[in-house]
Amino acid sequence: SKEIFRLIWKALAIRQGFPLSIRRGAGELKKLIQILENVCAFLLCLLALSVLFQIIARFMRIPATWTTEVARSLFHIIVFLGMPIIIYENSQMAVTMVKDLFKHNRVVTLVFDIISDIFVYFLLITLIYGSYNRTIAEWNTVIPSLPGITSGHLYLVMLIGAVLMLAAQIARTKIYLTGKDKKEDC
């Protein structure tokens with residue numbers, strides 16, 4: 001776990017008040033994305049096993065109400081840890097009908113990208129702010145069917161995911177502003 005926190009710290013490169021140094025943090029961000037892919041794959045397997053157990057338990061009339069909460073929590077974690085991967089690889093769904101009309105004009109395409117990035121940055125900063133506040137407010141709110149796990153823990157995952165989404169979005173912005181579209185430049 002120390003390795004993961006070290007990679008997060010280097011990827012964000014929080015030094016001297018500047019939130020992200022793309023040149024120094026790009027390699028670490030790529031490593032962190034690979035780790036997140038493996039973590040999400042493992043959690044997806046746990047989610048599938050939890051749901052499978054829930055189906056078998058219902059069929060055999062065994063009470064297993066905790067499986068619903070486990071599945072919901074795992075899904076929450078997978079979503080918020082998986083989004084930085086999707087943003088980093090630029091593989092999210094997008095409606096590009098208007099932008100495609102101007103795909104041969106680099107300036108207009110760049111303007112569309114900047115406008116969409118302004119909205120994305122606003123939403124991500126709002127998500128970071130909100131999840132930080134909810135993490136603090138809900139830290140001691142126990143989830144009854146999952147002893148030892150609080151709602152604050154799930155909001156903490158949301159906060160970590162949002163910060164990583166911001167780092168991935170900054171890396172994507174750097175790519176289209178410099179005109180480099182190769183993944184190794186990211």
Side-chain angles (χ1 to χ4, degrees), residues 1-14 19-22 24-54 66-94 116-117 119-143 145-175 183-186:
S1 82
K2 281 186 176 181
E3 179 71 17
I4 292 173
F5 287 118
R6 188 182 65 76
L7 286 173
I8 291 172
W9 183 261
K10 281 190 172 181
L12 296 177
I14 301 174
L20 183 65
S21 171
I22 297 294
R24 297 181 99 170
E28 285 83 6
L29 184 60
K30 189 179 287 190
K31 289 177 190 175
L32 187 61
I33 293 297
Q34 291 171 348
I35 291 171
L36 284 176
E37 287 175 346
N38 292 328
V39 168
C40 286
F42 176 73
L43 292 175
L44 187 62
C45 291
L46 288 179
L47 175 64
L49 289 175
S50 171
V51 172
L52 179 65
F53 179 75
Q54 183 179 34
W66 58 270
T67 56
T68 304
E69 206 59 50
V70 167
R72 185 178 301 133
S73 298
L74 286 172
F75 183 72
H76 173 94
I77 294 168
I78 291 168
V79 166
F80 282 100
L81 293 183
M83 277 305 297
I85 301 166
I86 292 170
I87 291 172
Y88 181 79
E89 294 176 352
N90 200 26
S91 57
Q92 66 270 24
M93 291 187 339
S116 68
D117 271 6
F119 287 117
V120 170
Y121 286 125
F122 173 75
L123 291 174
L124 287 175
I125 290 170
T126 304
L127 179 62
I128 289 170
Y129 177 75
S131 59
Y132 173 76
N133 286 335
R134 296 312 309 160
T135 299
I136 292 171
E138 301 291 334
W139 190 255
N140 293 321
T141 304
V142 178
I143 300 173
S145 57
L146 298 175
I149 297 177
T150 67
S151 295
H153 294 128
L154 296 178
Y155 282 111
L156 180 62
V157 171
M158 185 186 297
L159 176 62
I160 292 169
V163 170
L164 293 174
M165 284 185 246
L166 183 63
Q169 184 63 36
I170 290 171
R172 292 303 313 161
T173 301
K174 177 201 173 246
I175 287 175
K183 291 215 191 261
E184 60 268 5
D185 292 333
C186 189

Closest heavy-atom pair and its distance - Leu127, Met158: CD1-SD, 3.9 Å

For Leu36 against Pro84, the heavy-atom pair lying closest together: CD1-CB, 4.2 Å

Atom OH of Tyr121 with >12 non-hydrogen neighbours under 6.0 angstrom: yes

Interatomic spacing from CD in Gln169 to CE in Met83 - rounded to 0.5 Å: 9.5 Å

Nearest-0.5 Å distance that lies between atom CH2 in Trp66 and atom OG1 in Thr68: 10.0 Å

Heavy-atom closest pair, residues Ser50 and Ala71: OG-N, 3.9 Å

Spacing of Ile86 atom CD1 and Ile33 atom CD1 [to the nearest 0.5 Å]: 10.5 Å

Heavy-atom check, side chain of Ile143 versus side chain of Leu154, under 4.5 Å: yes

Shortest non-hydrogen contact between Gly152 and Thr135, atoms and distance: O-CG2, 3.7 Å

Closest contact, heavy atoms only, Leu124 versus Ala162: CD2-O, 4.4 Å

Validation row: Leu164, Phe80 side chains within 4.5 angstrom (heavy atoms): no

From SG (Cys40) to CD1 (Ile85), nearest 0.5 Å: 4.5 Å

CA sep, side-chain torsions, deciding dist, call: Leu146, Ser73, side-chain contact (heavy atoms from CB on, under 4.5 Å): CA-CA 10 Å; Leu146 298 175; Ser73 298; 3.7 Å; yes

Modelled atom types, side-chain donor and acceptor of Thr150 and Glu138, under 3.5 Å: no

Any Leu47 side-chain heavy atom under 4.5 Å of Leu43 side chain: no

Glu28 with Lys31: basic N within carboxylate O range, under 4.0 Å: no

Between CG on residue Asp117 and CZ on residue Arg172, distance to nearest 0.5 Å: 10.0 Å

Distance, nearest 0.5 Å, that separates CD of Glu37 from CG of Leu81: 12.0 Å

Minimum-distance pair of heavy atoms, taken over all atoms of Leu159 and Ser131: CA-OG, 3.4 Å

Note, Tyr88 side chain near Met165 side chain (heavy atom, < 4.5 Å): no

